[in-house]
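Contents: one structure, followed by commentary.
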Number of protein chains: 2
Amino acid sequence: MLWQSIRNSPPRANASACVSGGSAVTWALVTARIEEVAERAGVAVSTVSRALRDVPGVSLATRQRIKDIAAEVGYLASPNAARLATGVTGTVAVVVPDAAKWFFGQVISGAGAVLRASGRDVLLYELGDAEGRRRFFEGKTLRGRADAVLVLSLRLSTEETQSLRTLGLPVVLLGQGSEVFGSVRVDDRAAARSAVRHLLNLGHRRIGLIGIDDADEVTTGSTPPLSRLAGYRQSLLAAGIPLEEDLEQFGTNSVSGGELAMTRLLSAPALPTAVFVGSDEMAFGALGVLRTAGMTVPRDISVIGFDNHDLSQVMDLTTIDQNIRGQGEAAAELLLETLSTALGTAPPDRIIDTRLVLRRSTAPPADIPTSSKKEET
Amino acid sequence: MLWQSIRNSPPRANASACVSGGSAVTWALVTARIEEVAERAGVAVSTVSRALRDVPGVSLATRQRIKDIAAEVGYLASPNAARLATGVTGTVAVVVPDAAKWFFGQVISGAGAVLRASGRDVLLYELGDAEGRRRFFEGKTLRGRADAVLVLSLRLSTEETQSLRTLGLPVVLLGQGSEVFGSVRVDDRAAARSAVRHLLNLGHRRIGLIGIDDADEVTTGSTPPLSRLAGYRQSLLAAGIPLEEDLEQFGTNSVSGGELAMTRLLSAPALPTAVFVGSDEMAFGALGVLRTAGMTVPRDISVIGFDNHDLSQVMDLTTIDQNIRGQGEAAAELLLETLSTALGTAPPDRIIDTRLVLRRSTAPPADIPTSSKKEET
DNA sequence: CTGAAAGCGCTTACAG
DNA sequence: CTGAAAGCGCTTACAG
């Protein structure tokens with residue numbers, strides 16, 4: 001009853017018009033237009049337009065009068081008309097592989113808060129799978145829909161880069177450097193080094209790695225996994241510890257990926273006394289496997305993650321905080337700056353700080369390893 | 001260098017125009033307009049418009065020729081012009097308290113997939129805090145920006161309901177029933193009953209509750225917390241077990257909320273042998289506290305959650321799966337149906353199935369409790 | 001400081 | 001089946 005009345009008879013005291021859109025006839029409320037405000041104020045529509053947008057060239061008196069009348073009749077400029085006239089959408093597109101993943105949720109929320117504070121709308125594009133990614137970049141999906149684009153955790157191919165450039169919009173990448181677009185990210189390599197150094201400083205010499213492999217069909221090729229691996233290796237080598245293939249296991253960036261990799265690590269010729277894991281979610285999986293195997297963390301093995309996931313505290317996981325929400329905020333801010341300033345020559349590249357968060361999944365190895373260096377196969 | 005050229009000199013072989021928008025002068029690429037296609041095809045623009053949108057009334061031959069030419073010149077109708085002309089935006093607004101929370105990420109992703117498959121854009125509105133919620137509903141934020149609205153986990157006040165109705169758009173609520181709008185949700189009460197019945201069937205008689213309290217400034221007043229509480233009480237009473245105030249503790253829907261509530265439960269006059277927790281995230285917090293207290297789950301105490309969170313498997317948490325992504329999908333589908341069909345009299349209310357997921361956080365109580373019934377203070 | 005008019009790029013009765 | 005014209009509701013040179 002009520003339902004029907006909503007669809008078919010909009011509240012009175014509002015003019016209504018019948019617009020046939022698509023298959024169904026829908027009712028759309030018609031609210032005050034600029035013309036009505038102009039008539040009431042006894043001025044031209046152009047003056048109303050200028051007054052309401054605080055464009056210079058209107059006397060203070062008329063401007064105020066127009067504003068009052070606009071507020072009175074509840075006038076709001078039609079976004080679509082304004083967009084058509086100016087070409088400015090007041091919208092920022094956020095392109096994300098998968099909104100259901102914790103990492104991207106943090107970024108979306110952080111970036112969204114900044115964008116909303118600037119009065120902009122957020123258009124969310126979720127790639128989903130490789131096919132979705134292809135469709136997004138092939139079609140000119142964004143044309144006329146956004147003023148700027150924030151792209152998360154994607155290593156863009158030449159064609160994709162070109163496709164974005166053709167849009168003519170400012171683009172900022174998150175989690176990935178770029179020669180062409182602005183970027184916000186952390187120094188993954190340095191962060192990984194400090195994680196492994198923490199383990200070294202505790203006295204560990206046999207340190208395993210659970211890395212993020214490249215199997216994800218959407219984020220494939222992105223650099224953080226590689227940089228974290230490189231940081232791990234650098235730290236070991238700098239400490240004079242040779243790399244061991246058996247101690248490096250990889251999996252998808254997920255709990256189950258961590259479980260599988262840790263399981264493989266447990267069947268290594270000689271167990272590591274500590275493991276650096278490429279993401280907290282993988283570390284959760286690793287912790288689960290260790291528990292199942294009857295091993296105690298950190299007594300039998302130390303584990304350090306990467307992210308500072310919401311749940312890493314309750315899991316008591318030592319990890320690297322990479323301020324993900326802050327990265328999202330910084331990326332949005334950079335985008336807004338780019339929108340209002342003519343930027344210089346090089347695309348800006350902002351590096352966000354990381355920090356080690358100590359919890360109780362790391363500790364000195366049980367038996368001080370003095371001979372472990374020479375234990376290789 | 002490259003950067004500058006992006007902003008100032010769009011790729012050649014594309015016409016370009018200088019549009020002054022706001023403070024800065026920006027370049028916008030001008031791509032083919034409908035007129036160009038019409039000229040090339042030797043027809044009127046109206047024919048092109050009809051041909052490209054598969055509107056009947058164009059001969060097959062001309063339609064195909066026009067489509068070919070459009071593809072050739074890469075013509076795509078300007079979304080803003082089409083919107084202004086039709087009033088249809090091809091966009092659905094998703095209104096969410098906090099995109100960073102796991103629950104909402106699932107919904108956004110599920111609903112988004114369905115909406116994208118239908119060719120629609122997703123406009124994300126994150127309320128953030130009470131002030132954000134107020135702003136959203138006071139201003140006619142959505143006017144002219146969306147064809148339909150999906151509202152997550154909000155118990156709407158009369159004014160907010162009215163504000164949405166004034167928009168004249170189809171609205172679907174998720175996680176909340178409504179007299180006015182369509183809704184998708186689970187039967188929280190029945191699900192809670194089955195959770196508690198599981199504990200009863202295992203032989204538990206002293207069953208505690210960790211409930212979601214109403215402190216969240218945005219989602220305050222939503223019914224799932226109340227329904228789950230009601231289901232808990234119903235199950236106990238149906239089993240002839242009197243309620244005990246000390247065994248009901250509440251907290252914010254978060255890990256720390258679960259920690260605090262479990263801590264209070266641990267200082268109850270007599271410990272429960274099992275606890276039903278209103279959400280998995282709270283259950284994670286509860287598990288953490290129990291571990292810290294040196295108690296073993298499920299030997300000393302059984303814990304059952306609600307959600308089937310991604311991480312509940314690795315936490316080995318028995319829980320109620322409520323198919324959150326499925327709820328998001330169903331809500332989006334309902335919205336699309338509403339958009340294309342003139343719906344009947346009553347707002348549709350779709351109930352999604354829940355199911356018990358058995359893991360190893362629940363087990364029969366250690367000592368069979370025969371006298372516990374009379375242990376109250 | 002203000003206004004009349006053109007224009008943004010489509011869609012849709014209306015007429016043929 | 002096709003076209004000419006009006007209209008969607010703004011903004012912005014241009015002229016005064």
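A, B, ... follow the sequence lines: proteins, then strands. Residue 1 opens every chain.
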Under a 4.0 Å threshold between the charged nitrogen and the carboxylate oxygen, would B:Asp54 count as salt-bridged to B:Lys67?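 So B:Lys67 pairs with B:Asp54 through a salt bridge.
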
Do B:Glu131 and B:Arg134 sit within salt-bridge range, that is, some charged N less than 4.0 Å from a carboxylate O?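 Looking at B:Arg134 together with B:Glu131, the answer is yes, because their closest N to O distance falls below 4.0 Å.
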
Provide, to the nearest angstrom, the distance between the [atom1] atom belonging to [X] and the [atom2] atom belonging to [N].
{"X": "B:Glu39", "N": "C:dC10", "atom1": "CD", "atom2": "C1'", "result": "16 Å"}
{"X": "B:Arg145", "N": "D:dG9", "atom1": "CZ", "atom2": "C1'", "result": "14 Å"}
{"X": "B:Asp54", "N": "C:dT12", "atom1": "CG", "atom2": "P", "result": "14 Å"}
{"X": "A:Arg65", "N": "C:dC1", "atom1": "CZ", "atom2": "P", "result": "14 Å"}
{"X": "B:Leu52", "N": "D:dT2", "atom1": "CG", "atom2": "C1'", "result": "16 Å"}
{"X": "B:Glu35", "N": "C:dG7", "atom1": "CD", "atom2": "P", "result": "11 Å"}
{"X": "B:Ile34", "N": "D:dT2", "atom1": "CD1", "atom2": "C1'", "result": "14 Å"}

Mate of D:dA4 where both pairing distances stay under 3.5 Å, Watson-Crick or G-U: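 D:dA4 is paired with nothing.
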
Using purine N1 to pyrimidine N3 plus N6-O4 or O6-N4 for Watson-Crick, or N1-O2 and O6-N3 for G-U wobble, both under 3.5 Å, which nucleotide pairs with D:dA13?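 Its partner: none found.
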
Nucleotide nearest [X] when distance is taken to its side chain, options [options]:
{"X": "A:Val43", "options": "C:dG3, D:dG3, D:dT12", "value": "C:dG3"}
{"X": "A:Leu84", "options": "C:dT2, D:dC1, C:dG9", "value": "C:dG9"}
{"X": "B:Arg50", "options": "C:dC14, C:dC10, D:dC8", "value": "C:dC14"}
{"X": "A:Val45", "options": "D:dC1, D:dT11, D:dC8", "value": "D:dT11"}
{"X": "A:Ala44", "options": "C:dT11, C:dA4, D:dG9", "value": "C:dA4"}
{"X": "A:Arg53", "options": "D:dT12, C:dC10, D:dC10", "value": "D:dT12"}
{"X": "B:Tyr75", "options": "D:dT12, C:dC10, C:dG7", "value": "C:dC10"}

Close side-chain approach of [X] to [Y], heavy-atom, < 4.5 Å:
{"X": "A:Leu154", "Y": "A:Leu173", "value": "no"}
{"X": "A:Phe104", "Y": "A:Ser153", "value": "yes"}
{"X": "B:Arg120", "Y": "B:Leu339", "value": "yes"}

Remember a base hit wins even if backbone is also touched, and classify [X] as base, sugar-phosphate or nothing at under 4.0 Å, heavy atoms.
{"X": "B:Ser78", "result": "sugar-phosphate"}
{"X": "B:Arg83", "result": "nothing"}
{"X": "B:Gly42", "result": "sugar-phosphate"}

Within less than 4.0 Å of OP1 or OP2 of [N], is there a side-chain N or O belonging to [X]?
{"X": "B:Arg33", "N": "C:dC8", "value": "no"}
{"X": "A:Ser46", "N": "D:dT11", "value": "no"}
{"X": "B:Arg63", "N": "D:dC1", "value": "no"}
{"X": "A:Thr62", "N": "C:dT2", "value": "yes"}
{"X": "A:Ser49", "N": "D:dT12", "value": "no"}
{"X": "A:Thr47", "N": "C:dG3", "value": "yes"}

Derivation and outcome, side-chain hydrogen bond (donor to acceptor under 3.5 Å, both in side chains), residues B:Arg145 and B:Thr141: CA-CA 8 Å; B:Arg145 297 176 201 273; B:Thr141 317; over 6 Å; no

Using the closest heavy atom to pick a nucleotide of DNA chain D for each, name whichever of B:Pro56 or B:Ala81 lands nearer the 5' end.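 That would be B:Pro56.
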
